[in-house]
Structures are given as structure tokens and as C-alpha cells.
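What follows is a single structure, written as C-alpha cells, with notes after it.
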Amino acid sequence: MLLQLPIFLMELPVYLETLLQKCNSFPRIKQLQAHLMTTGRFQFCPSRSKLLDLCAISPAGDLSFAYHIFRKIRIPRTNDWNAILRGLAQSANPVKAISWYKTMSHGSHRVDALTCSFTLKACARVLACCEATQLHSQVVRYGFIADAKLGTTLLDVYAKTGCLDSAKKVFDEMSKRDIASWNALIAGLAQGDQPIEALSLFKRMRFEGLKPNDRTVLGALSACSQLGAVREGEKIHSFIRDENLDTNVQVSNAVIDMYAKCGLVEKACLVFDNMTCKKSIVSWNTIIMALAMHGDGYKALELFKQMAQAGVPPDVVSYLAVLSACNHAGLVEDGVRLFNSMPACGVTPAVKHYGSVVDLLGRAGRLKEAYDIVNSMPMYPDVVLWQSLLSASITYNNVEIAEIASQKLVDMGSSSCGDFVLLSNVYAKHERWNDVGRVREAMKSRDVKKLPAFSYIELEGTMHKFFTNDYSHEKWREIHRKMEEISFRIKEHGYVAETSFVLHDIEEEEKESALCYHSEKLAVAFGLTSTNEGMPIQVIKNLRICGDCHAVIKIISKIYNREIIVRDRARFHRFKEGSCSCGDFW
DNA sequence: TTAGGGTTAG
């Protein structure tokens, strides 16, 4: 009998564990399973769950076959249930894991900590915060809450589903925390738009004497990138070098991203050039994106070429990065050429790529070509794409396309304030105040909330944040005096307010003052009053910089002889001696 | 015996 067995099964009686490890292909798994069945060992073999596990989760396996095996088990144990559950949680349809858990717990099947862990992972993947909360109470009821690993899973699920308060609460109440628990919350806060809290948790962790590892610094660096917190980022980088954490390619990539988003693109390049570990495709994409953000289109194109030469074929993100570089540098022909070359390079353009090339053509005033692409693309244009087209048609005064684009946005149920503002700007430019009023009414009826614009500047480790028309800063009198001085001096240099950036049909003079107190101007004015002459000023804005502010800051950089760097939502603007690094192409 | 924390994106 033994002789008929495949060779790898001949050792079966003695080395079942080893054989399981050798199951690296689906046929082998099947052979082993068939053998256990035919020899009658299947129902009682302790390694059965491992075989199921292997089948359910390994790339060589097959979840439906795992289920087929499961059904042959007369009395499934918790481990058998868990194996299927784990497979479902990792599958393309993780919501099935939640149903599986329900079947399991509603029957009289014993649930253990692993059952909860796998189900929670599924909740994270489908963003099921409600189910996670229910599981949380069951975890408490079963008495598993003291399990540090399960606690970490729980807080991670809360963070990933956007329930950051619950995540913090789980963390605070954990009886035993280890490095993974800290990492989960730091990363959760950083990714959940709370980078300040992420950084302060990172500092607290160090204060409590815990040593960060590669995953910790990834979360902390991501927070620094978002905040533009370069000093903190540099400290973390030096820790990374001391501890040799930069042998991890993900850590090195995060360092590159941090320097780029903090405005130090040269340092980002330096880190990229001197990487000791093997560069991944993310390394290339990150540096190309960095150059794009800083408007260095030619270098981005050069690196895009180099990455292919280095044997790293570009992926969808690489194309987005290089198209964005062309966008920010006004390299229209290069952008169109690269976009057209995508299919031949084996990368299918997605809606974002179409959006990017439409934006590129639109900004260059080639509205007809842009609109032709919209009409010929194989998928529905999304909101962002119509917004780019709307924005371009306003810049080039094409009311016809502007109305088409804005109608599409309305049809798509857009409730973004920006869309309404853009449309109303078209009408404002043509002094069609009735239409402006109509748009304003539509905004009210749709309950459109304007995402508040804010800008901030870091001085000696303190963030100073400003909103539009902000009087809350302790030095507001000084700031507003500076604003008045700026208004006076820029007019001497021939500045005329471009009032179309203001939504309402108020009097010209009022419009001018509404522009005056935009958050980025307040931050720059504060920078001028609070730093030494000649020192560069760096400001970060959450939205795109306003056109009028762009014009004003250019003049400020000249008359006050300051380099002013503004990072907006899309890119960096480096103002120097009266001009901007974006070449006004933005 | 098996589980938890991760970088790029118009």
C-alpha cells in the first residue's frame, strides 16, 4: 500500500509535522488530505486543523476545498472552525467571516481568543465598527480581555474603523501593553488624521522607557510628514540611523517621504541615493512624488526613466507620480506621451490617470482635447475629474464646459463646497449675480459645509494655527497691523486685488479685505513679525493656496526679502525674489 | 502550536 503513495507521503507515520510544512502546492495538500481520509486517521488526527489552516490561508491552498474538508469532520473542534474563519477573514469577501462567527457563536461551539481575533480582523477590513463593538463586549464576557494580543487587535480595529476614542480607551484600560500595542495606536492616530496626538504618544512611549522599533518609527514619521514637523522628523531619523532601522526598506521610504513633505527635497534625494537596503518600487514612487510636489518635473522624469533601467517596471502609482510631476511643472507633452504609453507598458490607466491628464491639458488651456478625453474614456469620470475640468474652464473663461462640468457635479450629488464655489466663480466672473445667488441657495439647501481652511507655522517647536479672519491668536493685534502694512506696501508695487476669488457679490473694497485675512496670509504675516530678517518662513495649508494669496506672497517675498515656502494640499510653492517655484502653473 | 502593530497615490 505504502509503495503506491507519492514519495513525499512515504514518511507519513513519523513526520506528519514536517510533511505539513512540505505542503507547498495544492495537489500535495489534496494528497495528504486524501491519505488521512483513506487511512481513517482524519477524524482524530491532531494535525487536521493545521492542514485546514494551510488549505484556507496559504497561497497554495483553496478556501472552498478547506470548507469541503471541514464538512467531512463529524465533530469540528474550535481549531477547525477557526481555520475556516481565518481563511474567510483574509479572503476577498471578509464579511463572510463575520457571518461564520455568528453561526459559530449561535450554535453551542466553543469560541476562543483566536476566534475573536480573526473575526476582529475581518471587521477591520470591512470597516464594521458596530460589529467590532459587539465583539468587544463578548471578548469581555468570555474573559479574554486581559490577552495583550487580542487587546492590540481590538484597539487596531477601532482605529482602522475610525473610532479613535474607543481605540484610546482600550489602550488606556489594557492591563498589559507591549510595543505592538503602542505601535497600533501611534499608527492609528497618524492615519486617523490626528498626527499631533500620534507624536505626543510617541514621545510618551519614549519617556516611559520603551524602545521604538521599525514599526513605531513608521507611525511617527507619517505623523511628521503630515505636520511638516521637520525637527521631530530629524530626531527620529537620527534614532533610526543609530539603531540601524534604515536597513528596513519601508522605514527608509518613510524617511524620504518625511523629508519631502517637510520641504527638504534635497535631503529626501540624499536618503534615496544612499539607501543601504534594496530599493523597492515604493522607494522609487516616493522620490518621484517628492520631486513632483516640489515642481522638479525634469528630475522626476529622469528618475522615472532610471527606475525602469534599474529593473523596476513602473506600476499604477509610478504613473500617477510622474503625471503629477508633469502637471506641477507644466510639462504637457511629456505628460500626454507618458499617459499614452501606459497600455504598452502593461499598466491600464485608471480614472485617476485620466483625471491627471485631463487636469494637465485643462491647465494648459487645451480644454477641447481634455473634454474629448472625458468623452472617450472607458469608465465614468469621477468627481475629482469634473472638478479639474470645471476649474480649468473657469481659468480659461469657457462658460459652456464649466456649466457641463458643474451640472455633472450636481448630478453626482456632490455636496463639496468647492464645486459650488467654482461654479459661482464662473458666474461672478461674468457678473451674473442672480446665478451666484442661485448657487448660494443650492448650497444652503444641500447643507453644504465649507471645509474650514487653515494654515500653520512652526516656531521653536510650537505650532501656530490660523483660520480665515482669525482673531484668536494672542498676538492678533500685531499680526493685523502687519497685514495692513503689507496691504499698503504691495499696492506700491503695483498689486491689484484679484477679487474673483471671493464668492459673494459684495462691494469691491469689502472683497479686498475678505481676501486679506485668508489663513495663509495671516500665517505669513505672523512669520514676518516673529522671525529674524532674512530667515525663511514655512507655512502649511490644509487646502490649496488661494490665487490672490499666491500673488501677494510673491510680492512679499520680494519687498521683505524673504524666502517663503508654502506647502498646500497638492504641492510646495517656494516664493523668492518675487516669483514662485511653481512658475504660476498650479 | 496556531494571533496583534507597517511606507508611496490626481
Side-chain angles (χ1 to χ4, degrees), chain A residues 17 20 46-47 49-50 52-54 57 78-79 82-83 85-86 89 112-121 124 144 147-157 159-160 167 171 174 177-188 190-191 212-222 225 245 248-258 260-261 268 280-290 292-293 315-328 335 339 349-360 362-363 381-385 387-388 391 569-571:
Chain A
E17 291 297 309
L20 276 162
S47 296
S49 310
K50 252 192 171 171
L52 258 181
D53 225 23
L54 199 63
I57 64 157
T78 303
N79 282 352
N82 286 353
L85 180 63
R86 191 180 178 192
D112 66 8
L114 280 186
T115 318
C116 299
S117 180
F118 297 144
T119 314
L120 281 166
K121 294 283 265 184
F144 303 148
D147 185 323
K149 286 191 172 72
L150 192 52
T152 302
T153 311
L154 193 55
L155 91 81
D156 185 52
V157 177
K160 289 200 165 94
F171 180 83
M174 278 173 90
R177 278 180 218 134
D178 60 14
I179 181 87
S181 328
W182 288 85
N183 291 351
L185 191 56
I186 292 170
Q191 277 142 31
N213 67 10
D214 47 0
R215 292 181 188 216
T216 326
V217 296
L218 279 171
L221 283 170
S222 155
S225 300
L245 295 177
N248 177 325
V249 66
Q250 295 189 355
V251 170
S252 286
N253 297 344
V255 171
I256 296 168
D257 187 56
M258 180 275 294
K261 291 193 176 139
S280 69
I281 187 152
V282 178
S283 321
W284 289 95
N285 292 351
T286 307
I287 195 69
I288 294 170
M289 193 61 71
M293 279 187 80
D315 67 359
V316 282
V317 180
S318 323
Y319 274 101
L320 276 180
V322 75
L323 286 172
S324 157
C326 294
N327 252 331
H328 293 317
F339 175 75
V351 69
K352 286 187 177 185
H353 301 96
Y354 280 95
S356 205
V357 79
V358 164
D359 196 37
L360 181 66
R363 282 174 196 279
D382 65 4
V383 169
V384 185
L385 193 148
Q387 282 168 339
S388 317
S391 167
R569 229 178 81 160
R571 60 165 298 154

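The chains referred to below are lettered A, B, ... by the order of the sequence lines, with proteins before strands, and numbering in each begins at 1.
Looking only at side-chain heavy atoms (C-beta outward), A:Arg86 and A:Asp53 come within less than 4.5 Å of each other.
Listed for the A:Thr286 side chain is a donor-acceptor partner under 3.5 Å among the backbone atoms of A:Val282. When atom types are taken as modelled, the side chain of A:Arg177 and the backbone of A:Phe171 share a donor-acceptor pair closer than 3.5 angstrom.
As judged by a 4.0 angstrom heavy-atom cut-off over every strand, A:Leu385 is placed among the base-contacting residues. Residue contacts shown for A:Ala148 include a base, since a base heavy atom lies under 4.0 Å away. At a threshold of 4.0 angstrom between heavy atoms, the contacts of A:Asn79 include nucleobase atoms, whether or not backbone atoms are also involved. When heavy atoms are screened at a 4.0 angstrom cut-off, A:Thr286 is found touching the sugar-phosphate backbone but no base atom. Residue A:Tyr354 is classed as having no contact, given no heavy-atom separation below 4.0 Å to the nucleic acid. Residue A:Val351 is in base contact, counting any heavy-atom pair closer than 4.0 Å across all strands shown. When heavy atoms are screened at a 4.0 angstrom cut-off, A:Ile179 is found touching base atoms of the nucleic acid. The residue A:Ser181 sits close to a base: some heavy atom pair falls under 4.0 Å. Heavy atoms of A:Asp53 sit nowhere under 4.0 angstrom from any nucleic acid atom.
A:Asn327 pairs by the side chain to side chain contact (heavy atoms under 4.5 Å, CB included) definition with A:Ser356, A:Asp359, A:Leu360, A:Arg363, not counting sequence neighbours. With sequence neighbours excluded, the residues satisfying side-chain hydrogen bond (donor to acceptor under 3.5 Å, both in side chains) with A:Ser318 are A:Asn285, A:Asp315.
Contacts between chain A and DNA chain B, taken as any atom within less than 4.0 angstrom of a protein heavy atom, begin and end at B:dT1 to B:dG10.
For an aromatic pair to be called close, the ring centres must be under 6.0 Å apart, and A:Phe339 with A:Tyr319 fails this.
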